[in-house]
Amino acid sequence: MEVRPILSALLRNKVAALSIAAQIALTLAVLSNALFIVEQRMSASRRPTGTDEANVFFISNQWVGSDNLDARVDADLAAIRQAPGVIDAFVSNSYPLANGGWDDGVRFAPDQSEVAHTALYFADDHAIAALGLTLVAGRNFEAAEVQPFHNNDVRVPTSIIVTKALADRLFPHGDALGQSVYMPSFPGKVPIVGVLARLQVPWVAGGVNKFEGNSTLLPFRQVNAYGHYLVRARPGRISEVMHEVAETLNKLDGRRVIEKIWPLTVQRAYAYRDDRGLAIVLSVVCVALLAVTGFGIVGITSHWVAQRRRHIGIRRALGATRANILRYFQIENLLISAAGVIAGIGLALAGNLWMVRHYAMLRLDPEYTLTGALLLLLLGQLAALWPALRAASISPADATRAL
């Protein structure tokens, strides 16, 4: 079948054809960017923290009164570690997925610009076991290196442990162990004594994607009115251990408020709730746009079939088969859809560039645009199929009686 007669017919109905093409273009622009955003957010929410997440929980503890906090924290840790089912525990200023904590720049000299950015976790010689972290090089902290850290302390850590992501950023040739770095928060040179396989930073927002694996352990024991106990339970016992530890702490010293006692798995769901909400909203918008576009194609094609009943009847009388009529409307719709898809690809790329410039979005992966284009071409063919089948069922006699 020649395309020229179809194009001539479309030119006589160009307003309707252009409206459908514009709708397809807009749908493709929104669909491809929305799918890309959803995948990015869902991929981020599945990032491993590097911890034994299924068996780790945290207790956000706030003391009532500030007297003798060193002894109270030490007593808490001793009691938690002795509780049945506990592998290990430590106290820190933050934890993965907390959405709050300390960060700093890392440099090679005090007057040098920042080389990398990192999250800062307070840790002791129990932290690696308590979180279930993997040490891939170097050593753990020694008990003698751990210092108590009070409010407004200015201390120089005796050593630090960094993640492999941070070590590779600072020392691409793999020679991080034994090297020393500077951080503005601590006035002095600090040696790197260990390298962790992975430890995610506390924040989960999109802006931290550039350094989400850059974490640093400092040999400090958090001794403030507010802190977080990180506890690792034996596999399958986290619920009973959480209950037991909470009772133990309240019996040990009632001058406290336990703000939260959550597994990291629950904290993950809480931390990424906005991402899941956005994904749901964008998915609903995409489904609605596809539905509106599909019904629009059905409506326009049905209208054209009704307008062309006489033309279809004459063609059938001259020997056109049902397959010829069906193919005519499918090709007509394919031409409109293709024009809309071409315009939509340009619109999708332009929209993504605008979001990259204003909202720090990532560049759109062409795969999402191509997937959206194929989906809309398929949708167009499916939407036009029912009106096209009705057109193909028109007989010459039916068309004549309709005159």
Side-chain angles (χ1 to χ4, degrees), residues 46-56 81 87-98 101-110 112-147 149 155-186 188-203 208-222 228 230-232 235 264:
R46 293 190 294 268
R47 291 177 298 193
T49 58
T51 68
D52 181 12
E53 200 170 311
N55 299 303
V56 174
R81 290 167 185 161
I87 294 177
D88 216 332
F90 74 107
V91 63
S92 185
N93 62 318
S94 189
Y95 50 89
L97 308 173
W102 287 25
D103 64 308
D104 207 347
V106 185
R107 55 196 70 185
F108 298 127
Q112 187 186 32
S113 60
E114 179 180 302
V115 179
H117 209 72
T118 182
L120 303 177
Y121 289 107
F122 291 2
D124 58 17
D125 50 316
H126 296 267
I128 291 178
L131 289 177
L133 303 175
T134 302
L135 192 68
V136 295
R139 63 173 178 83
N140 192 5
F141 293 133
E142 297 174 356
E145 294 176 302
V146 180
Q147 309 172 61
F149 193 96
R155 297 176 180 269
V156 179
T158 54
S159 58
I160 58 174
I161 298 174
V162 301
T163 56
K164 189 175 186 303
L166 179 57
D168 291 344
R169 176 70 180 85
L170 295 171
F171 304 99
H173 300 296
D175 53 348
L177 281 181
Q179 300 283 359
S180 295
V181 296
Y182 292 83
M183 288 180 279
S185 299
F186 310 104
K189 184 188 297 187
V190 187
I192 298 172
V193 299
V195 178
L196 299 170
R198 177 172 173 79
L199 178 59
Q200 185 176 321
V201 301
W203 309 278
V208 303
N209 283 330
K210 295 180 181 178
F211 72 100
E212 60 90 16
N214 292 0
S215 297
T216 299
L217 299 185
L218 304 174
F220 293 148
R221 184 174 68 256
Q222 175 90 342
H228 307 284
L230 279 299
V231 185
R232 184 182 177 197
L264 282 188

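Computed over heavy atoms, backbone and side chain alike; hydrogens, waters and symmetry mates excluded.
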Self-check item: For E114, salt bridge (Lys or Arg N to Asp or Glu O under 4.0 Å) partners two or more places apart
Solution: none
Quiz item: side-chain contact (heavy atoms from CB on, under 4.5 Å) between L196 and I128: does it pass, once the steps are laid out?
Solution: CA-CA 9 Å; L196 299 170; I128 291 178; 4.0 Å; yes
Quiz item: Taking the side chain from S92 and the backbone from Y121, do they hold a donor-acceptor pair closer than 3.5 Å?
Solution: no
Exercise. Would you give the length of the straight line joining atom CZ of F220 to atom CD of E145, rounded to the nearest 0.5 angstrom?
Key: 11.5 Å
Practice problem: Might you point out which heavy atoms bring A116 and L170 nearest each other, and give the distance in Å? | Solution: CB-CD2, 3.9 Å
Quiz item: Can you check whether F186 and W102 have ring centres sitting under 6.0 Å from each other?
Solution: no
Quiz item: Which pairs pass salt bridge (Lys or Arg N to Asp or Glu O under 4.0 Å) with one or both residues in residues 167-181, sequence neighbours excluded?
Solution: K164-D168
Quiz item: Where do P157 and L218 come nearest, in terms of heavy atoms and distance?
Solution: CG-CD2, 4.0 Å
Quiz item: Can you name the ring-ring contact (aromatic ring centres under 6.0 Å, His included) partners of H228, sequence neighbours left out?
Solution: Y95, Y226
Quiz item: Taking the side chain as C-beta and beyond, is there a heavy-atom pair between R198 and R47 under 4.5 Å?
Solution: yes
Quiz item: Is any side-chain heavy atom of V162 closer than 4.5 Å to a side-chain heavy atom of T216?
Solution: yes
Quiz item: Which value, rounded to the nearest 0.5 Å, describes the distance between L131 atom CG and L217 atom CG?
Solution: 8.0 Å
Practice problem: Could you tell me which non-hydrogen atom of N214 sits nearest to which non-hydrogen atom of L166, and how far apart they are? | Solution: OD1-N, 3.5 Å
Quiz item: NE2/H126 to CG/N140 distance, rounded to the nearest 0.5 angstrom?
Solution: 9.5 Å
Practice problem: For L135 and G138, work out which heavy atoms get closest and say how close. | Solution: CD2-O, 3.7 Å
Self-check item: Separation of M183 CE from D103 CG (nearest 0.5 Å)
Solution: 11.5 Å
Quiz prompt | Any donor-acceptor pair under 3.5 Å from R81 side chain to A89 backbone | solution = yes
Quiz prompt | Side-chain donor/acceptor of S180 to backbone N/O of K189, under 3.5 Å | solution = no
Quiz item: Under 3.5 Å, is there a donor-acceptor pair between the side chain of D104 and the main chain of S185?
Solution: yes
Quiz prompt | Candidate list I192, L177, V115, test side chain to side chain contact (heavy atoms under 4.5 Å, CB included), partner F171, passing option | solution = I192
Quiz item: Checking N93 side chain against F122 main chain: does a donor-acceptor pair fall under 3.5 Å?
Solution: yes
Exercise. Please confirm whether the backbone N or O of F108 pairs with a side-chain atom of Q112, one donor and one acceptor, at under 3.5 Å?
Key: yes
Exercise. Write down the atom of G105, the atom of P184, and the distance for their closest heavy-atom approach.
Key: O-CD, 3.3 Å
Exercise. Measure across P96 and L199 and return the closest heavy-atom pair with its distance rounded to 0.1 Å.
Key: CG-CD1, 3.7 Å
Self-check item: Donor-acceptor under 3.5 Å (T163 side chain, S215 main chain)
Solution: yes
Quiz item: Between V91 and Q222, is any pair of side-chain heavy atoms under 4.5 Å apart?
Solution: yes
Quiz item: Donor-acceptor pair, R232 side chain versus I87 backbone, under 3.5 Å?
Solution: no
